[in-house]
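Both counts, for ligands and for their atoms, begin at 1 and track the order of listing.
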Amino acid sequence: MANPLTRREALLGALTLAASQAVRAETAAVAAVAMDAGVQFGSAFDREVFSDAPYRALIAAECRAGALENSLKFDWLKPRGSKPDYTHADRLIDFAQTHGIALRGTALIWNDWEPDWLKALSRRDAAYVFDQHISETAGRFAGRIAAWDVVNEPFFPLHGRPGGFRKGVWFDALGATYVERAFRRAAAADPKALLILNEAFCEQNDAWGTAIRPLLAGLVRSLKDAGVRLDGVGFQGHLKPHLPHDYSAFADYLRGIAGLGATLHITELDVDDSSFPDAIPERDARVAETLTRFLDPVLRVARLRSVTLWHLSDRYSWYRSVPWYGDAVAKHGGRRDRKARSHVFDDQLRPKPAWAALRTAFEKARVR
Ligand code: G3I
C-alpha cells in the first residue's frame, strides 16, 4: 500500500507537475507513464545540450526530472578559487526551467574531485569555505532547483576513516559532523528544495555494498534523531550485473530507509555493460534485462519518488571516459577498445531495448 505523500511532497509534486504541464502540453511516453506510477522520471545532462540540438530536443522531450552531470559540482563552479563561475549552471538551469524539468543539483558537498586550491587550505579555512559554499550556492539557486544532493557519497570504508567515512577535505576539516552541518546550512539557505543524501554501491550485494548499507542507514537514523531536515535518500544505481546482487533484498533495504522518514530516489541509473558480450544485440538485450530485474522490485517500494538516468544516450556515457572500462571488458573476454552501451538511446539517439524495458517497468508499477 503506497504511503500517502507528505504535504511538502504533494505541494512540490503539484507545482512541478503544473510547471511541466504548463510548459509542455504533451509529456513523452515514459515520463508520463512514470508519473502515473507516482515517479518523476528523467536524466542527467550537461553542456552538450547547447552544442547538440538533437540531444537537447531528446532531453526536453523525455525528461520531467533531471540533474546536471557536472556543472553544479564544487570543482566545476570553483575550479581555481572560491569565486564561483555560474555561467554554465545558470544557462542549464534556465534550459531546465524552460522545458519544465525539475532539476536536482549534484552535489553541494562531496569528498571527491576536490580542486587543488581547496586541498591546500588549512582545516579552519576549509571549514569556512564549506559553510560559505553551501549558503551561497543553495541560496543563489533557491526557487530554481527542486532538490539538492546536499552530500554525495559519504562512505568509503577502504579509506580507513572512523565510521567508514570517505576521506577528503570536508571530512578531514570537520569530521563526521560535516554531514549534519551541511544539511542544516542547506535547509537555512533553501527552505523549499528537497534535501537528499546520495550514496553509491548500495545496489550490490558484494562486500562493498553490504558494508555501506548499514553505515548509510545509521547515518540517516542519526540525522533524523538530531532533527535535521533530510527529505530523501538517493541511490545512484550504477548497476554492475557481474557483481553479486539481490534487487528484491535491495528493495527491502529501501523500505527500511523509507521507514526512517525519507523518500527514495534512484539518482544515476545506468548499467555497466563491461561483462556482457561484444555483440551489440546481445549486449543491448542484457542491459535491458538488467534494468527490468532492478526496476521491477524497486518500483514496488511505496516511497520511491524519482528515477533519474545518468544520461539518456551512449553518446555521452561516462563509461567511455573512465580508464578502467577497457580493462573490465578485457577481463570478461571482450574487446578492450569497444565503446560502452550502458544507456537507453544509442549514439544515433535511437531507442534501444532498454527504453522499452523502462516503459514496461513503469507500466507495471502503476498498479503498485
Ligand atoms: O573532457 C575533459 C578533458 O578534456 C580534460 O583534459 C580533463 C581534465 O581534467 O577533464 C575532462 O573532463 C572530465 C570529464 O569527467 C570527462 O568526461 C572532468 O574533468 C571530470 O570531472 C568528469 O568526471 C565526472 C565525474 O563524475 C567527476 O565529477 C563525470 O563526467 C561524471 O559522469 C561523474 O559522475 C559521477 C557522479 O557525479 C557521482 N556518482 C558517480 C558518477 C560516475 O563517476
Side-chain angles (χ1 to χ4, degrees), residues 42-52 55 59 65-80 84-85 88-89 92 103-119 133 137 145 147-156 158-159 165-171 179 182 196-204 208-209 212 216 232-240 243 265-274 294 306-328 339-345 347:
S43 172
F45 59 90
D46 215 286
R47 304 174 192 185
E48 68 282 344
V49 296
F50 299 125
S51 54
D52 183 340
Y55 194 59
I59 291 284
L68 300 190
E69 183 179 19
N70 290 308
S71 286
L72 278 171
K73 289 174 179 173
F74 185 95
D75 61 322
W76 287 63
L77 289 174
K78 303 174 178 178
R80 282 170 293 283
D85 176 358
H88 298 289
L92 286 160
L103 210 53
R104 193 184 89 251
T106 191
L108 287 173
I109 294 296
W110 185 13
N111 276 292
D112 200 355
W113 294 86
E114 292 154 322
D116 291 343
W117 70 267
L118 181 70
K119 291 177 184 168
H133 177 67
T137 310
I145 288 279
W148 274 107
D149 290 347
V150 176
V151 169
N152 187 41
E153 302 179 4
F155 295 109
F156 201 91
L158 274 186
H159 283 165
F165 279 94
R166 180 184 288 269
K167 71 182 178 188
V169 169
W170 310 129
F171 180 84
V179 181
I196 290 174
L197 177 63
N198 195 43
E199 187 53 283
F201 307 120
C202 292
E203 307 82 19
Q204 52 207 60
W208 200 236
I212 290 180
L216 180 67
V233 181
F235 297 89
Q236 293 181 6
H238 296 295
L239 303 182
K240 293 183 174 296
L243 294 180
H265 306 267
I266 303 301
T267 53
E268 306 181 14
L269 185 60
D270 56 33
V271 178
D272 173 350
D273 69 345
S274 58
F294 176 76
S306 71
V307 171
T308 306
L309 305 178
W310 205 241
H311 268 296
L312 283 179
S313 163
D314 299 332
R315 189 181 285 186
Y316 296 103
S317 180
W318 68 282
Y319 291 101
R320 295 185 178 186
S321 61
V322 290
W324 54 262
Y325 180 79
D327 294 339
K339 287 184 171 181
R341 292 179 63 90
S342 301
H343 310 277
V344 294
F345 287 88
D347 286 86

Colleague: Are H238 and W318, when compared by the centres of their aromatic rings, separated by less than 6.0 Å?
Modeller: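 Close enough - the centres of the two rings lie under 6.0 Å apart.
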
Colleague: Taking the inter-plane angle between the rings of F155 and F165 on a 0 to 90° scale, is it parallel (under 30°), tilted (30 to 60°) or perpendicular (over 60°)?
Modeller: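 Judged by the thresholds at 30° and 60°, the geometry between F155 and F165 is tilted.
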
Colleague: Suppose we screen for side chain to side chain contact (heavy atoms under 4.5 Å, CB included). Which residues come up paired with F201, at least two apart in sequence or across chains?
Modeller: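 Only Q204, W208, I212 meet the side chain to side chain contact (heavy atoms under 4.5 Å, CB included) criterion with F201.
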
Colleague: Going by heavy atoms in the side chains, are L239 and E203 under 4.5 Å from each other?
Modeller: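 Side chain of L239 against side chain of E203, heavy atoms only: contact under 4.5 Å found.
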
Colleague: One line per pair, note the atom names and distance for all nitrogen or oxygen contacts under 3.5 Å between ligand 1 and the protein.
Modeller:
unit_1, atom_1, unit_2, atom_2, d
ligand 1, 17 (O), S321, OG, 3.2
ligand 1, 21 (O), W76, NE1, 3.3
ligand 1, 26 (O), K73, NZ, 2.9
ligand 1, 28 (O), N70, OD1, 3.4
ligand 1, 28 (O), K73, NZ, 2.8
ligand 1, 30 (O), E69, OE2, 3.4
ligand 1, 30 (O), N70, ND2, 3.0
ligand 1, 32 (O), E69, OE2, 2.6
ligand 1, 32 (O), W310, NE1, 3.1
ligand 1, 34 (O), W310, NE1, 3.3
ligand 1, 37 (O), K73, NZ, 2.6
ligand 1, 39 (N), E153, OE2, 3.1
ligand 1, 39 (N), Q236, OE1, 2.9
ligand 1, 39 (N), Q236, NE2, 3.4
ligand 1, 39 (N), E268, OE1, 2.7

Colleague: Under a 4.0 Å N-O cut-off, is there an ion pair linking K73 with D46?
Modeller: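 So K73 does not pair with D46 through a salt bridge.
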
Colleague: Just one of W117, W113, W110 clears the ring-ring contact (aromatic ring centres under 6.0 Å, His included) bar with F74, so which one?
Modeller: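 Of the listed options, the one satisfying the test is W117.
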
